[in-house]
Number of protein chains: 2
Amino acid sequence: MPTPPSPRRPAPGQPRATLTREAVLDAAASLVRQHGPQGLTMRKLAAELGTAVTSIYWHVGNRESLLDALVERTVRELDEIRARGATPRARVLSLARTLRRELLARPHLVAMVHERGLTERMFLSAQQALLHEVHAAGLRGARAAEAVRAVQFTVIGHVLVERNRERAPVQRPGEPDLWDTRTAEDDRALARALARAPDAERVFTTSLRALVNGLLPPGTDGSAGSPDRSSGGTSDGPSDGP
Amino acid sequence: MPTPPSPRRPAPGQPRATLTREAVLDAAASLVRQHGPQGLTMRKLAAELGTAVTSIYWHVGNRESLLDALVERTVRELDEIRARGATPRARVLSLARTLRRELLARPHLVAMVHERGLTERMFLSAQQALLHEVHAAGLRGARAAEAVRAVQFTVIGHVLVERNRERAPVQRPGEPDLWDTRTAEDDRALARALARAPDAERVFTTSLRALVNGLLPPGTDGSAGSPDRSSGGTSDGPSDGP
DNA sequence: ACCTGAACACCGTTCAAGT
DNA sequence: ACCTGAACACCGTTCAAGT
């Protein structure tokens, strides 16, 4: 949310307004977003800010605590996610989609959060919100916990794979034949479903909707619209969607 | 680019014979497993091997392609995962558990695979195997693809969170009260289910079993509710691998 | 074919010294 | 309170020179 409103233009050697900790963090975050943590060197950062390398140390201590501050900021940003929508179902979907978008917007920072063991902390607010909706939909106890986790892991998994495809080597056209021959085993629809590289957001929304339909009990939501699936006797696991 | 030298066999017990590419990779992998990629410096590696820093360059080119080779090796190792068990259900579970174990055994290397966009490639073999079982259980087309992805994402999600807990800051005792007050909302069982830090493997197996029960159509498997496994030991995975 | 030390450019960090 | 350059230890990499 806090965007760079800094009036500073990076003109190396040019005197400017006083250097502030916020300005250092902004410039550092920008470098990390573009080139990852190893693209952030104290000397490049100083050049970007037009100061001496050593000035930075006064404001942020050292490189490690600078990265820590960036991580802290990221956690705080992800913590501000709120649900939107009328029904629990819609609100869960909105949470998942927002989560996905925010994670994809800062992959390097998210990776740094993970390295520092703060992934769960980062998800805490979203987890609480998911929990609230799942509760509102009627789930309790272990069932509710499972549902929250399922959504969370699905988001993580999708983001991971998407992020991976972005930086994947060429492979995109040659990919299908990994699946064709006997791999997909006489099931062409499956082969396509697995090998295709379509609109990632659509795929995400679709499979998440299916998951939510399987997880949440029917009837809490007018928009359910799908014929109820019979699950055998005791089994109550998530079914599919449309 | 330097060509790979002939596969000469170094004396098994002896730490110091002639320097070989394999020996370099082994030592490098060991350093990465212990301290992560940034713990691998060419100079430390040379010290470890008892050679001059520059000798390494003859065998592996440079640091970047050394890391590439490590990644390649990791992908190859994860590619060797095989299913075990009698029923599709059991085989899916065994695949997931083996996958989890192998991923947890080399978190840094897995992260490097991901950075290079090879995550999907690394999962390819497991994905094919999962697909085979899901097919055997009777799923087809998009349903089968969804099931494979669900298992895959669940494994990834669990490994991510587990890994995260390992390196998380203290927080373990203070964690529950994040959930207590109005967070878990009058549902104490839920609060405990979400905040607890119990045997991670058990949690994994339990939620995966639930997922599989929900995904696979009933009737293909007689052992639906069998209370067979209660031992804590890791009993199913093939301990193949280098 | 394999190994070596010297040398270079870059890095994070400290510190005495400035204002 | 803030900023600075010099200096140090460490890094990856190149290269001419050894065997």
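Any value given below was found using the heavy atoms of this structure, including those in side chains, with hydrogens, waters and symmetry copies removed. Reminder, nothing fancy here: chain letters follow the sequence lines and each chain counts from 1.
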Could you check which of [options] has an atom nearest any side-chain atom of [X]?
X: A:S55; options: C:dT13, D:dT13, D:dC3; result: D:dC3
X: B:W58; options: C:dT14, D:dT4, C:dA1; result: C:dA1
X: B:T54; options: D:dT4, C:dT4, D:dC2; result: C:dT4
X: B:K44; options: D:dC11, D:dT4, C:dT13; result: D:dC11

| request: Mind calculating the distance between CG (A:N62) and C1' (C:dT13) to the nearest angstrom? | output: 8 Å

| task | Give the rounded distance in Å between these two atoms: CG of A:L67 and P of C:dT13. | result | 9 Å

| said: Can you tell me if B:H59 touches the phosphate of C:dA1, counting only side-chain N or O atoms and a distance under 4.0 Å to OP1 or OP2? | reply: no

| query | Under 3.5 Å, is there a donor-acceptor pair between the side chain of A:N164 and the main chain of A:R167? | reply | no

| task | Between C:dC2 and D:dA17, how far apart are the C1' atoms? Round to whole Å, please. | result | 13 Å

| note | Between A:R43 and A:I56, whichever has its closest DNA chain D nucleotide further toward 5' is A:I56

| Would A:E201 and A:T205 count as having a side-chain donor-acceptor pair, cut-off 3.5 Å? | no

| said: Are there over 12 heavy-atom neighbours, none belonging to A:R97, within less than 6.0 Å of that residue's CZ? | reply: no

| According to the Watson-Crick and G-U wobble definitions, with both distances under 3.5 Å, which nucleotide is paired to C:dG12? | D:dC8

| said: Less than 4.0 angstrom from a charged side-chain N to a carboxylate O is my criterion; do A:E102 and A:R106 meet it? | reply: yes

